[in-house]
Each structure stands twice: as structure tokens, then as C-alpha cells.
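Chain letters run A, B, ... following the sequence lines, proteins first and then strands; every chain starts at 1.
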Protein chains: 2
Amino acid sequence: MSTYFHYIPTQNVKSINKHAVLDLIRFTPGGISRVQLAQRMSLTRAALTVIVNDLMESGVIRETNSRLSNAGRPAITLEINPQSGFVAGVDMGATHLSILIANCAAHVIAEKEVPFNIADGPTVCLDRADSLLRETASQAGIELSNLLAIGVGVPGPIMSEAGMVVAPPIMPGWDRYPIRASLEKRWNCPVSLNNDAELGAVGEWAYGAARSAANLAYIKVGTGVGAGLLLDGHIYRGATGSAGEIGHLTIDPNGTLCTCGNRGCLETFASGTAIARMAREAVVKNQPTQLSQFERDRITARNVADAARRGDLTAQQIIAEAGAQLGVALAGLVNLINPNMVVVGGGVAQIGDLFLEPVRREVKRRSLPGSVNTMQITTALLGRRSIGMGALVQAISIALHRIADEKNLN
Amino acid sequence: MSTYFHYIPTQNVKSINKHAVLDLIRFTPGGISRVQLAQRMSLTRAALTVIVNDLMESGVIRETNSRLSNAGRPAITLEINPQSGFVAGVDMGATHLSILIANCAAHVIAEKEVPFNIADGPTVCLDRADSLLRETASQAGIELSNLLAIGVGVPGPIMSEAGMVVAPPIMPGWDRYPIRASLEKRWNCPVSLNNDAELGAVGEWAYGAARSAANLAYIKVGTGVGAGLLLDGHIYRGATGSAGEIGHLTIDPNGTLCTCGNRGCLETFASGTAIARMAREAVVKNQPTQLSQFERDRITARNVADAARRGDLTAQQIIAEAGAQLGVALAGLVNLINPNMVVVGGGVAQIGDLFLEPVRREVKRRSLPGSVNTMQITTALLGRRSIGMGALVQAISIALHRIADEKNLN
DNA sequence: ATAAATAGTTAAAATGCTTGACAAAGTTTA
DNA sequence: TAAACTTTGTCAAGCATTTTAACTATTTAT
């Protein structure tokens, strides 16, 4: 059963099919031909001729030169027209801001990243995003007014329709601030506002480690820990947009006090913050470690990762412990969600297998065999870019579908 | 973004809309008029005239006598034709088997329940289901051959397309046994095979405590613990059909050894089995309790519940402890899934608030305010019948949609 | 009693698909 | 090398299903 009332507002049958064609072309690596489209969509070749012609007239797609064939007339492969315009993706993290500018084929032509503090509040932060966007655009050699759409990711739960964050665990001062409205006015183009982990999932699904996985969890392990969920091919946001907020799962009721008021939350074990804290504790306890060379209160997760890679046993142990605790939490996620794939991203995930192996081991140990055997756990293929690429995906969606629809009205 | 390729195989536009109309009529309490249907579906009244006439000709729906209006011509309310035929719902639990027979308006006309042991394996169990179905049918005064479709729920992860359970944690001997094929042959009518917790969610969504909640978790607390998920209006089964298997979430890594090989799984704290075990331990420790009157190895969760209701403090404490531990696990579920509503069902949930209050308290304490404030936790409104009613929903879906499609072919 | 409002029906027009024939552009076979 | 075959893509006619717009039906309000 679907328990969901699918129906067809027939006035836009063609529009729906056009958008489906567009998305199939976008997300099929290497492009796709009319015949293949017809097969995937259960439509006839004739119908696709009409739809494809329409899309070519509006300029969003084009024919490639490659002509592959087994026997018979070779098929013409279709692709997104890279000249249909430019978009931007903005990744506002807790401690960094990064911006990508790309064409509608998701080819990145300029990129910038700067340190940042989300706790500075919306006025300061949005100003900073604005100026970095202008810098990045000028580096790409285009005017801001040439951007067709902009995707934005922020580390908080989002009310999609309203374009704002609601009751975010971090992001002080942002609660119910009209982020999308403010940015659309500033940039004079449509803005898609999304949760960062959710964009990570979208990015990895579209161009990364989880291409076309139907059930995917992207775990962002950075300053905090959050999950982005793609379930049955759709972004899952939950009732109030805060699905995937796993940072405050209770791992140990008697653990360290967390900023949220509870004890032993996942974030107190397996975030960048936690890794740094554990390292400082190790130094205080005079454990043998290269980390002693740093000023104690300035040790970062990155220092720990570097030391671990250089063979520092204490650092390795800290990271393995963080991984194991994340594994305990992910085992729960796997039992509950039963995904095809779990992609671990965010700053901490860059450490690599030193961190990921303990995660895999605990998940394997604590999850149902039926769920875990068919599932993969990997690091983000797009690395630091997962979220930015997800933001691009959203921006490109808006841009292409707008163009396609405009043509439709004529 | 949808990241899901919606398209319209145009040959059945009308069929799709017909089915949508049918489901809207089925699941709108008190029925719905043509105009309301038109509004919900973004179609015109004229289109609905045609579709509704079609459905009335096939006999699946009918006009009611109620004519409600504010001003103007009163609307004719439509409802499922209760005379379109009979269906059955089969709930095979770990320790009980229950069967409902109903008409397509989900009005139950006969009902039977017997003790049962799923561990007897498919041959024995399916035989028993077959004979109980025959008994129930004869009590209802209908022939087995009059059943249009039968919904079946079993306590294991299901491969929908194959109609079998795969790697079930309980259900020894059932792995990959062709349950659906076997039953369809036996009963000579279409069978829908589903996970029991999933059916609980469907039942409560359709006719229970969670009417039309878009994001719903049904928690079945019986011999074991499992969850059925309805996310964004769709049943969510996960990559391999084992989504919602929360019985073996690790609550305490140093806890009691579980049948699954790990320690401190949720089921060792918050299942019927666990409650009985804790009661036996209390008796062994000579704690003051009415439970001492029972033969020690025969104490059941039901005995504990009865004692708790009569004011036995030890029994109350055991139940509160089980509830609290379930609450810890559900807090994780709430943070991850962010549902509108959590419905707690299964035998243990019948205990009521003695059990549910500690659940609520722990969830409230450990979940994000943004997720928990808009969410309700309740006991199953349909009580022991949740799963059976869910099975009926599935059976009725098959029955009505078949009839509607048959007519369509003429 | 008449006007206003809302529900439901009908026939013509519009939309967007399928059907079936055909042209185009390759590979395979004789 | 030419003919046969295979597959892709297009076109015009036909068909299914919706919308449009006018109409009828049945109630409440004045």
C-alpha cells in the first residue's frame, strides 16, 4: 500500500514528464538517449521526441557527439547544456563558510572557503556569505546577477516552506530568522535553504559515493554530529524538519555533561570537539603523546588526526574510541533505517580508516545481520565538498526546472 | 528536491486517479463529496463526475444518504460500498494467532484468537492459520471462496516482492520459506504479506490513534520489540525490508546477555519476556511482592501487570523500569525520525500509563525540544487489533483496486 | 417568492499521449 | 560491395482524459 494519495493534476502531465526527463538526464552519468529514457519512463519513443525537442528549444539540454551503438542506428546521448547558466552553492558550517560556483552541469568553476563562526548570528554571517559570494563570483568572472539560483546549507533543522531554522541546537540567534527571504532579497534570485547534512546526502547521492542509492544516510561528523537521510529516493525531513539530529542520542547515561543538558550524548564522544577534549584530557594526565607539544587549550581535532597518522598511539586510541562510539550510534541507525549505504563526511571523517574502521566494527557487531550484510559504510567521496555539491544540486534543480517551465508557458 | 524520478506512464492516468479517489474515500472518516475530492486532487468537478461514475458502476463505492450543506445545494457524500465483498486479516504473532473477517468498509464481522507458537515453523503454523481462518469464516457465515483478498502479518523482516521473510531474528525455520505463494495457493486468493509492526502502523494510521499522521512510528512491545514506520505518508521498509528492527539496539553495553549474542539490547529491558524475567529475579531476591504467590518459572508479564495495577510496588517498579528503558530507545528514534506521533502497541502496552508515563518522561528528557514538543506518544487505540486491522487495510486495498481495474478493462 | 450559493452534469475543445508507418544511420551477412 | 538487418528517431492520425464553460439541481438567506 502507499497510504499516500497519488493523483495526477492533469494540467501538468507534460510538465511532470519534462521534469522527470530533465532529472534522468542530470543524474545519469554519461548521459542517456531518447530510447533509454522511453524505457525508464514507460513512454513511447514518439512521446520522448516531443518532450526532448521541447527541452532542447528551451536550451536546457543538448545532444552530445558520442554515438554509441551495438547494432543498428546509434543512439544520440543527451546531456545538460553547460551553457544554460550559472548557480552557486553555499555551505555555512559551524566554523567554516565555503562557496562553490558552477554551471548547470555541476562543473565547478570557482571555489572559496574561509573560517567562520555561525554563533555570530544572522546579520554578521549573512553579510560574510554575501561578500564571499561576490568574491567567488568575481574570481569566476561572472556577475552576481548572472546566477540563476543559489543553494544554501546551514547546520540546523529547517522549516522548508518558511525558509528558516527552528529551535536549532547550535546557531544561537538564528531561531526563526527569515534566512531565505533575506538572501533572496539580497541576491535577487531564488534561494533554496536546506539542512547541511541533508545536502551532504544529496551531494553524495548525485555525484559521490552513493550514486543513486535509494536509502542513504550521510553522517556529518564535524564540530557536532548530524545525519542527512535519503529514504526511498526522497529527502526525509521528518515532521518538523529535525530528522537526523543524532548528535544528542544518549550513548552513556553516566557520561560527560553535554551542552544540551544531558549526559553522554553522542557529540560528547564522537565530534571534533570531543576528540579535542579527549586529547586535552590525555595531556593533562601526562599520557605519552606528541600532543603535549601544543599549548594545551589550543589542541584541535586536526592536531590529533595528524599525530595519529604519524603513529602517535594515544592519538590513535582517542580517534578509535570516537569511531567506536559513533559506531554504537550508527548501529542503532542501521537497525532502524536499514539503509543501502552510510556515508561518513565532515571534518573528522577526513581522518580516514583510522576513524572509520572502528565505526564499521561496532556497526557490524551491533546490527542485525540482515541489515548489515548488504550495506556499505564509506567516507564521503566528495570530501569537504559534499555539502556544497548538494547545495549546487538544489540550485541547479531550481534553475533548470524554471527554464524548462518558462518555455512551457509560451 | 525529490531525487526521485516522478513520471507518468500515461496509459493509466485515469486508473491512477481512480485509485487515488478510492483511497481518499476509504480513509476520510465520514466520507467525502465530489467537490471535496476535486479540491484535494486539483482536478475539476467535471473530471470527478466521470471518475466517480466509473467507480459506482463497478460497485466499489456508493452515495450515502447524508446531505450536509451550509448554503447552496448540499453535497452528496460518497463511501465505500460495504457490499463489495469480504476480506480477512491474519495476525501471526510470536505466541498468538488472530484473525479478523470484515467487509470492504473495514467493518469486522467475525474475529478469533488462539495461542500459537511461531517457532513451530511454517508447515505447522500455516496449517493452523488455515484452520482458524476456516473457523472464523464459518462463524461469519461466509465461504472461504468469498474472500476477495487476505492480509497477513508476521514478526519478521519481509522481502515484499518475494513474499517471504529473510533472516528473521525470531521465526526459526521460516527463512526464505515461500509464505505468500503457499497461502495464495491454499486460499486461492491474493495475499498481502507484511511485517507485523508495519501493519500496526498502517492500522493505527487508518482507523486508530494516528489517523492520517504523515510521520508515524508504531512500537510493538510484546514478546519482542519492533517498530513499524510510516514516513511522509508511505510505509518505510528500508533497503532489505528490515527497517524498524529496534529490539536489538544496544541500551547498556554491560547489560544482560541477549539471545542475539550482544549485551543489553532493548529487548532485555523492555519486552514481555524481560518484564517476566525481572519479576522472577525479584522473587528470587525475596523482594516483597504479590508475585511470590506464583510458581516462579511461570510468572508472565501479564501477572506483573495485574499485580502492578493492584498496587504492588515491586511490580510497578519493574514496569516503570521497562518503560524508562524503552523511552531511552524511543528518544533515539524521535531524534532520528522526528515523527508526528509514536503509537505504542502490543501486549505490554495494554498495561497503560503505568508503562507509558516513564516512556514519555525519558523521551521528553532525551529528545530535542524541537522534535518532542510537537509530538505525541499514545497507546494503540485499536489495542490488540492494530495489526489485524492493518492487515485488513492491505487486503481491502487489493480487493477494491482489483474490482476498480476490472471494470476499467471493459 | 426570489436571489444567492453551492453541487453536480454535459458537450465541445484542448492536451498529450499511443499507434503505426517511415526515414535515418549504423552493423552484419552474403 | 551490396543487400539485409537492426535500432533510433520522427511524423501524422487517432484516442484517452482532462478542462472549459454553460447548464441544471437543490439548498439557505432575504
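In this structure, A:Leu43 atom CG and C:dG16 atom P are separated by 13 Å, rounded to whole Å. A straight line from NZ of B:Lys14 to C1' of C:dC17 spans 16 Å, rounded to a whole angstrom. Here C:dT10 presents its P atom at 14 Å from CG of B:Asp54, a figure rounded to the nearest Å. The distance between atom CD1 of B:Ile51 and atom P of D:dT19, rounded to the nearest whole Å, is 9 Å. Going from atom CG of A:Leu48 over to atom P of C:dT19 covers 14 Å, rounded to whole Å. Atom CG in B:Leu37 sits roughly 12 Å away from atom P in C:dA7 (whole-Å rounding). Spacing between atom CG of A:Asn53 and atom C1' of C:dG16 amounts to 14 Å, rounded to whole angstrom units. Between the CD1 atom of B:Ile32 and the P atom of C:dG8 there is a distance of 11 Å, given to the nearest Å.
Here A:Ala46 lies in heavy-atom contact (under 4.0 Å) with a base. The residue A:Ile76 sits close only to the backbone: its heavy atoms come under 4.0 Å of sugar-phosphate atoms, none of a base. In this structure, B:Arg45 reaches the bases: a heavy-atom distance under 4.0 Å links it to at least one base atom across the strands shown. B:Ala47 comes within contact range of at least one nucleobase, with a heavy-atom separation under 4.0 Å.
Here the CG atom belonging to B:Leu24 is positioned 5.0 Å from the CZ atom belonging to B:Arg40, to the nearest 0.5 angstrom.
Between A:Arg402 and A:Asp405 there is no salt bridge, since no side-chain N of the basic residue sits under 4.0 Å from a carboxylate O of the acidic one. The residues A:Lys14 and A:Asp54 are annotated as salt-bridged, a charged nitrogen and a carboxylate oxygen being separated by less than 4.0 angstrom.
Nearest heavy atom pair, residue B:Asn103 against residue B:Pro82, reads CB-O, 3.4 Å. Across all non-hydrogen atoms, the minimal contact from A:Pro29 to A:Arg211 is CG-NH1, 2.9 Å.
Classification of the A:Phe27-A:Tyr207 ring pair by plane angle, with boundaries at 30° and 60°, yields tilted.
Look at A:Asn17 and you'll find a side-chain N or O under 4.0 angstrom from OP1 or OP2 of C:dC17. Between B:Thr44 and D:dT19, a side-chain N or O to OP1/OP2 separation shorter than 4.0 Å is present.
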- Query: How does protein reach along nucleotides 25-30 of chain C, written 5' to 3' as B (base within reach of a heavy atom under 4.0 Å), S (only sugar-phosphate), or - (no contact)?
  - Reply: BBS---

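Between A:Leu229 and A:Glu198, the closest side-chain pair of non-hydrogen atoms is not below 4.5 Å.
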